[in-house]
Enquirer: 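After the structure tokens below, expect a handful of questions from me.
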Amino acid sequence: MRKNLISIFIIFISCTFLHAQKPKTPSSSEIYQSIQKLNFLGSVLYVAAHPDDENTRLISYMSNHVKARTGYLSLTRGDGGQNLIGPELRELLGVIRTQELLAARRIDGGEQFFTRANDFGYSKDPEETLSMWDKNEVLSDVVLAIRQFKPDIIINRFDHRTPGTTHGHHTSSALLSLEAFDLANDKSAFSDLLKAASVWQPKRLFYNTSWWRYGSREAFDKIDKSNMISVDVGTYYPLKGLSNNEVAALASSQHLCQGFGRLSQRGSQEEYIELLKGDPLTDDDNIFAGIDTSWNRVKGGKAIGDILYEVEKSFNFNNPSQHIPQLLEAFKMLQNIENTHWKTQKSKELKAIIEMCAGLYLEVSADTNWATPNEKINVDIEVLNRSNLSINLVSLNNSGDLNISKNIALKNNVKYNFKEVIKIDKDESPTTPYWLSEKGTLGMYKVNDSKLIGLPETPRFYNIDFNLLINNVPLTITKPIVHRYSKPEKGELYKPFEVIPEASAKITEKVIILDNDKQRDIAVVVKAGRDNLEGSVEVCHPNDWSVYPKNQKVNIKHKGEEQTLVFTVIPPKNESEGYMSPIVTINDNLYTKELIEIDYDHIPFQTVLLPSESKIVRLDIKKKGENIGYIQGAGDVVPESLQQIGYNVLTIKPEDINAEMLSRFDAIVFGIRAYNVLDDIQFKQQQLFDFVKNGGNMIVQYNTSRGIKVNHLAPYNLKLSRDRVTNENAEVRFLNPEHPILNYPNKITQKDFEGWTQERGLYFPDDWANEFTPILSMNDKNESPKDGSLLVAKYGKGHYIYTGLSFFREFPEGVSGAYRLFANMLSIGKEDLKLEAKLND
Ligand SMILES: [Zn+2]
């Protein structure tokens with residue numbers, strides 16, 4: 001029973017925190033829609049693999065039209081993708097995408113869940129995916145999600161029958177959902193989860209199909225659809241003034257880091273779901289056919305329904321508070337039903353409706369958005385009853401030592417303000433995404449506290465309980481502490497309240513590449529979480545490197561301020577790599593983490609604590625040529641990386657390109673997907689080819705095969721394909737071992753292809769003119785060799801190089817072989833001409 005209480009507590013808190021941005025103050029029509037949902041006792045769980053996979057049209061339709069409780073289980077948080085709005089990658093990108101999903105759900109009315117699976121990057125088939133993930137753990141998380149959410153209906157986004165036609169994560173999500181559909185109701189399966197949730201059998205499992213699965217609309221029109229249900233997801237909601245597909249577009253437009261900002265759509269639109277398992281369909285196209293979704297489905301529910309259906313039927317839009325006595329009556333009856341699942345879920349909904357109907361405004365705002373353990377913070381508590389109801393504020397308390405008796409009768413529309421001081425517990429752990437607290441594996445997050453598994457974010461423990469008596473019925477409403485402030489140019493703003501450590505530190509550069517044995521200065525930035533921080537800092541480093549001074553004093557007057565300390569790093573004579581970490585000592589406490597802030601307008605402010613470390617690489621690298629012009633595409637850190645190894649890199653805009661300015665460079669390098677995103681580059685292509693003809697080098701990194709903005713990517717025929725090698729350890733075979741690009745100025749060996757991350761490369765050309773020399777061959781398991789990853793062609797006096805190798809992923813990870821190979825690409829043709837003549841013999 002106790003365990004049960006804990007899990008209820010967590011679910012409740014996590015849901016209230018969804019509103020930690022500016023609190024929503026609902027209109028009558030929103031209250032009415034909540035009552036409609038309260039009176040529908042059925043649920044739908046949508047299952048896919050990534051943020052953005054979810055069909056928001058269907059989620060919104062289920063939530064807003066059908067009125068079902070609707071959840072989206074995304075197996076991963078989307079860490080493996082790219083970020084179009086900022087520098088965050090990997091786990092930090094996963095934090096942004098988690099918040100973007102929550103933002104989308106706030107719009108379409110769904111709820112959000114995850115598993116512990118990590119989005120480790122592209123995977124071609126489910127077999128590979130499930131060998132990277134711990135299949136049993138992810139399956140366990142899907143079973144847990146089903147047992148906790150108890151959906152009547154599950155809808156898979158992807159088809160489990162077509163492995164290899166889409167991302168392996170996608171097919172895996174469908175396979176795991178299918179398996180979990182049966183296991184969720186099997187007491188002997190995952191019995192360790194039974195203390196968290198009882199077994200559950202969903203009634204039907206669907207696949208959210210589409211015409212594109214069948215090749216064309218015509219082909220789809222002809223198929224037998226007796227096993228399918230179609231719904232019109234363009235339905236119009238007068239209460240919202242929006243069509244369902246408009247709501248869906250607003251929701252999916254929250255995926256801004258993926259560039260999903262989009263136009264809204266209106267009008268009738270069919271969506272199809274195909275029955276895979278469970279009870280057969282009936283004729284009326286009702287996915288809930290045969291499932292009682294009324295209050296009668298719950299033992300003791302009929303009498304509650306009698307009250308609540310009447311409220312819905314006679315709802316007073318001008319004065320919703322009129323219904324509170326009935327709502328309270330239903331609330332009291334609800335507390336006596338046996339079924340804990342329905343009791344918990346509907347109590348939560350009903351309590352929120354009572355709060356809304358009373359026009360209650362309850363807020364706890366701290367004078368800061370973060371504090372450290374042991375710190376005292378001032379909070380401003382606002383209580384406002386905007387109804388004629390008899391509401392008493394009995395007391396305020398939190399889980400700590402705050403317990404204040406008030407006994408105030410709240411008069412209609414009279415604001416009550418209280419100032420209180422809250423002390424942060426001395427042992428309080430800092431607020432950070434729970435799935436990043438411990439180091440996991442490439443495929444899985446590590447979550448030690450099993451109660452957190454599945455939750456979208458870390459529950460907040462600094463909350464205030466408002467203990468109220470409404471018409472003499474005791475009701476406790478819990479609010480998280482927030483920080484309310486304003487900015488002249490933005491208006492009123494909110495931030496969640498967080499606990500941070502008293503000190504954090506980082507080395508400003510994440511990868512430090514030294515191409516010789518000269519010493520280099522590095523900057524360590526220490527941030528104070530409290531006033532008057534005094535201590536010392538040292539830098540941990542591998543044995544063959546040295547850093548001096550050994551340690552330095554740190555002294556920071558004000559909370560939030562930073563101090564920069566410069567240390568000198570001396571690399572070893574020979575190639576070597578490792579990690580450096582700053583350690584801050586305050587009294588006897590050691591701090592080894594970096595505090596990262598994520599601040600975008602469309603999601604709540606986030607702080608993340610990660611181990612503070614920077615990779616250091618002493619590279620044995622030679623290079624020719626000095627000046628590089630870089631044309632940014634979709635965004636990468638290649639320019640900064642090339643600067644690290646001593647090149648002069650200037651970023652140039654397509655419109656500024658002319659023959660004279662090109663002549664200043666030894667090489668022009670194109671950023672990833674430049675030919676997909678730069679409209680004007682088509683007008684400059686000939687000048688770029690002329691630059692090569694005159695002796696320059698042009699290096700083009702990967703573009704996607706669809707949507708190229710030029711007719712001729714290269715001076716010779718070159719056709720892109722979707723060939724990719726996703727296994728970062730795939731064998732690399734040298735097709736032309738004597739070619740200068742593998743020999744000069746750096747001798748490239750197998751060792752240079754060790755330690756690559758995420759993948760070898762993508763969108764390799766599969767057809768090219770004879771002028772191109774393919775250099776490398778590689779392939780994923782059970783696939784034919786792919787020879788287009790690095791193609792070199794002489795054109796006039798210079799060289800044109802096309803490469804789908806993932807330098808943009810390897811450089812930020814300090815992969816030395818990638819740097820050495822790229823240096824050769826930049827140096828080609830700049831070598832002793834005699835050597836080249838000899839090789840051409
Ligand atoms: Zn996906």
Side-chain angles (χ1 to χ4, degrees), residues 45-59 71-85 88-91 93-105 108 110 112-130 132-133 135 138 141-142 145 154-178 206-210 212-213 248-249 251-262 271 442-445 456 634 673 704-706 722 724 726 758-759 762-763 809:
L45 185 65
Y46 198 85
V47 181
H50 306 118
D52 88 347
D53 284 346
E54 83 275 24
N55 181 347
T56 51
R57 291 182 302 273
L58 205 51
I59 290 176
Y72 172 37
L73 175 62
S74 175
L75 298 198
T76 77
R77 297 173 187 265
D79 316 60
Q82 288 171 43
N83 182 358
L84 301 185
I85 55 169
E88 298 84 1
L89 286 173
R90 295 287 185 110
E91 53 269 71
L93 183 59
V95 173
I96 294 179
R97 292 190 171 181
T98 296
Q99 291 300 325
E100 290 186 340
L101 278 175
L102 289 169
R105 297 296 82 79
D108 61 30
Q112 187 60 49
F113 307 98
F114 293 94
T115 73
R116 286 170 289 173
N118 191 339
D119 176 9
F120 55 83
Y122 194 81
S123 147
K124 284 178 176 165
D125 56 65
E127 197 193 332
E128 187 196 346
T129 301
L130 295 172
M132 298 286 281
W133 289 348
K135 189 208 157 183
V138 185
D141 292 359
V142 178
I154 295 178
I155 303 176
N156 290 350
R157 164 82 281 196
F158 297 104
D159 195 341
H160 64 285
R161 296 157 296 195
T162 51
T165 58
T166 178
H167 200 320
H169 298 177
H170 292 165
T171 316
S172 299
S173 73
L175 288 165
L176 293 172
S177 164
L178 198 74
F206 291 93
Y207 156 55
N208 184 190
T209 190
S210 169
W212 43 254
R213 158 101 163 68
S252 66
S253 287
Q254 298 304 305
H255 295 302
L256 291 182
C257 76
Q258 314 205 45
F260 263 47
R262 56 176 61 173
E271 193 71 52
L442 191 58
M444 295 300 295
Y445 293 119
R673 300 208 304 275
T704 60
S705 49
R706 249 178 288 172
R722 297 177 66 82
R724 62 200 292 171
T726 57
Q758 196 147 350
E759 64 194 350
L762 63 173
Y763 291 99
R809 293 203 194 277

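In each ligand, atom 1 is the first atom listed, and ligand 1 is the first ligand listed.
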Enquirer: Which atom, among the N/O/S set of His50, is closest to the Zn ion (ligand 1)?
Expert: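 Closest N, O or S atom of His50 to the Zn ion (ligand 1): ND1.
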Enquirer: Among the N, O or S atoms of His170, which one sits nearest to the Zn ion (ligand 1)?
Expert: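 Nearest N/O/S atom of His170: NE2.
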Enquirer: Are more than 12 heavy atoms, taken from residues, nucleotides or ligands other than Glu127, located less than 6.0 Å from that residue's CD atom?
Expert: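 No, the 6.0 Å shell around CD holds no more than 12 heavy atoms from other groups.
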Enquirer: Counting backbone and side-chain atoms alike, does His167 have an N/O/S atom under 2.8 Å from the Zn ion (ligand 1)?
Expert: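 It does not; every qualifying atom lies at 2.8 Å or beyond.
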Enquirer: Is it the case that the side chains of Tyr46 and Asn208 hold a donor-acceptor pair, with the cut-off being a distance below 3.5 Å and no angle test?
Expert: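 Yes, because at least one side-chain N or O of Asn208 sits under 3.5 Å from a partner of the opposite role on Tyr46.
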Enquirer: Could you tell me whether the side chain of Glu88 and the main chain of Ile96 form a donor-acceptor pair under 3.5 Å?
Expert: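 No, because the side chain of Glu88 does not come within donor-acceptor range (under 3.5 Å) of the backbone of Ile96.
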Enquirer: How is the N/O/S atom of Asp53 that comes nearest to the Zn ion (ligand 1) named?
Expert: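 Nearest N/O/S atom of Asp53: OD1.
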Enquirer: Give me the ring orientation class for His170 and His50: parallel if the planes are under 30° apart, tilted from 30 to 60°, perpendicular past 60°.
Expert: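 Rings of His170 and His50: perpendicular, as their planes differ by over 60°.
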